[in-house]
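These numbers were taken from a predicted model, which means no experiment stands behind them. Counting starts at 1 for both ligands and their atoms, following the listed order. Counting begins at 1 with the first residue of the sequence.
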Amino acid sequence: MNILGVDVGGSGIKGAIVDTTSGNLVSERIRIETPQPATPEAVGLTIKELARQHGWTGPIGIGFPAAIQHGIARTAANIDKAFIGTSVSELFSTQTGCPVYVANDADVAGLAEMRFGAGKDHHGVVLIVTIGTGLGTALFTNGQLLPNTELGHIYLDNGIEAERFASEAARDADALKWKQWGTRFNHYLCAMEALLWPDLVILGGGASSKMEKFASQITIKAPVVPAKFLNQAGIVGAALYAQSQLG
Ligand code: BGC
């Protein structure tokens, strides 16, 4: 089945048509800058434009950078605060005229990796960390997702919120070299390991394609591997999530 998968990020909104039986993209990937301010209306119109550019009128799956409970955004760390309490699935369905299914961006990236990627057939505890404007997390055990873990917001033992210390945005803001950033990111992974003891850690987002530049700084016991889909895991997983909701 083909579904339009969309990944809403702090700087770009990206979408492609995904074949959900193979996990392959079957269209080009289109990226539109995230509108500023990223209000619910403006983000919805951008998704409508993405659908138009793909000539798409079918179901849409969206990975969204917030805790999403039954289609409703509960947090808004890197998006407009007006999203809090908004039923994003209803709003975007109305705006696009397509059935829209929305879940947390890291959770859907995790779905893609567990189905087709680096976590395929893994039955232990798997932690997916997506590195972008924020730090997103998805946690699986025996292939089952515990949704909305929001573990990028823990405070580290240096008193700094993890995503302010070790995200891609923090690397940019502090002009860190990859190894310097890698040391920070390892600090975060050590905190995650001490709390969750994952058997496998999968990294998504932009930094996942640069692992060779910081892998030497990683000291946790669990293997740490890049997402097979790199930063396209969100698009593929968004489509998979929509399919799961369609039944
Ligand atoms: C948000 C999460 C999201 C992550 C990655 C965080 O700031 O709170 O919901 O998964 O960024 O986008």
Side-chain angles (χ1 to χ4, degrees), residues 5-15 31-38 40 43 46-47 61-89 92 101-114 126-140 145-156 160-173 181 184-185 188-189 191-192 196 198 201-209 226-227 229-238 240-241:
V6 176
D7 185 21
V8 174
S11 60
I13 298 180
K14 296 140 277 183
R31 178 185 190 277
I32 303 179
E33 293 284 303
T34 304
Q36 298 302 337
V43 171
T46 307
I47 292 164
I62 299 183
F64 197 79
I68 301 288
Q69 208 176 20
H70 313 300
I72 299 170
R74 296 296 184 197
T75 62
N78 297 303
I79 46 169
D80 198 275
K81 301 293 176 236
F83 270 107
I84 296 176
T86 297
S87 175
V88 276
S89 48
F92 296 164
Y101 302 91
V102 185
N104 174 261
D105 54 358
D107 283 352
V108 301
L111 292 178
E113 288 299 315
M114 296 305 288
V126 181
L127 174 69
I128 288 98
V129 182
T130 63
I131 305 155
T133 309
L135 272 187
T137 58
L139 192 61
F140 289 81
L145 171 70
L146 172 67
N148 293 315
T149 45
E150 293 293 322
L151 295 169
H153 295 292
I154 65 155
Y155 280 77
L156 299 171
I160 307 175
E161 190 182 15
E163 87 169 19
R164 301 209 176 277
F165 187 63
S167 62
E168 179 105 28
R171 189 175 64 79
D172 283 348
W181 177 82
R184 287 195 186 188
F185 188 67
Y188 173 62
L189 289 183
M192 289 292 96
L196 301 170
V201 177
I202 301 174
L203 304 186
S208 57
S209 60
F229 291 106
L230 300 173
N231 61 355
Q232 291 191 2
I235 292 176
V236 175
L240 294 181
Y241 175 72

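At the top of the distance list for atom 2 (C) of ligand 1, counting protein heavy atoms only, stands E150 OE2, 3.3 Å. Ranking the protein heavy atoms by distance from atom 7 (O) of ligand 1 puts E163 OE1, 2.7 Å first.
Listed by number with element, the atoms of ligand 1 under 4.0 Å from a non-hydrogen atom of G134 are 11 (O). The A66 neighbourhood of ligand 1 comprises atoms 9 (O), with distances under 4.0 Å to a heavy atom of that residue. Close approach of ligand 1 to A67 (heavy-atom distance below 4.0 Å) involves ligand atoms 9 (O). In the vicinity of G136, heavy-atom distances shorter than 4.0 Å reach the ligand 1 atoms 4 (C), 5 (C), 10 (O). Near H153, with a cut-off below 4.0 Å to any heavy atom, the atoms of ligand 1 are 1 (C), 6 (C), 7 (O), 8 (O).
Counting heavy atoms from C-beta on, the side chains of V126 and I202 come closer than 4.5 Å. Put simply, the side chain of Y241 does not reach to within 4.5 Å of the side chain of I62, judged on heavy atoms. Counting heavy atoms from C-beta on, the side chains of I235 and F229 never come closer than 4.5 Å.
Heavy-atom neighbours of R74 CZ from other residues, nucleotides or ligands within 6.0 Å: above the threshold of 12.
Under a 4.0 Å heavy-atom criterion, T137 is not in contact with ligand 1.
The distance from atom CD of Q69 to atom OG1 of T75, rounded to the nearest 0.5 Å, is 10.5 Å. Atom CZ of residue R164 and atom CG of residue L156 lie 12.5 Å apart, to the nearest 0.5 angstrom.
Contact annotation for N104 and ligand 1: only side-chain heavy atoms (C-beta onward) come within less than 4.0 Å of the ligand. Only side-chain heavy atoms of N78 come within less than 4.0 Å of ligand 1; its backbone N, CA, C and O stay farther off. Contacts between A77 and ligand 1, counted as non-hydrogen atom pairs separated by less than 4.0 Å, involve the side chain only.
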For the pair E163 and N78, evaluate side-chain hydrogen bond (donor to acceptor under 3.5 Å, both in side chains) and give the outcome as yes or no after the intermediate values. CA-CA 11 Å; E163 87 169 19; N78 297 303; 3.2 Å; yes
Between T34 and S11, does the side-chain hydrogen bond (donor to acceptor under 3.5 Å, both in side chains) criterion hold? Intermediate values first, please. CA-CA 5 Å; T34 304; S11 60; 5.6 Å; no
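On a distance-only criterion, D105 and ligand 1 share at least one N/O pair closer than 3.5 Å. Below 3.5 Å of separation, one finds no N or O of T75 facing any N or O of ligand 1.
Taking the six-membered ring for Trp, F165 and F185 have ring centres at least 6.0 Å apart.
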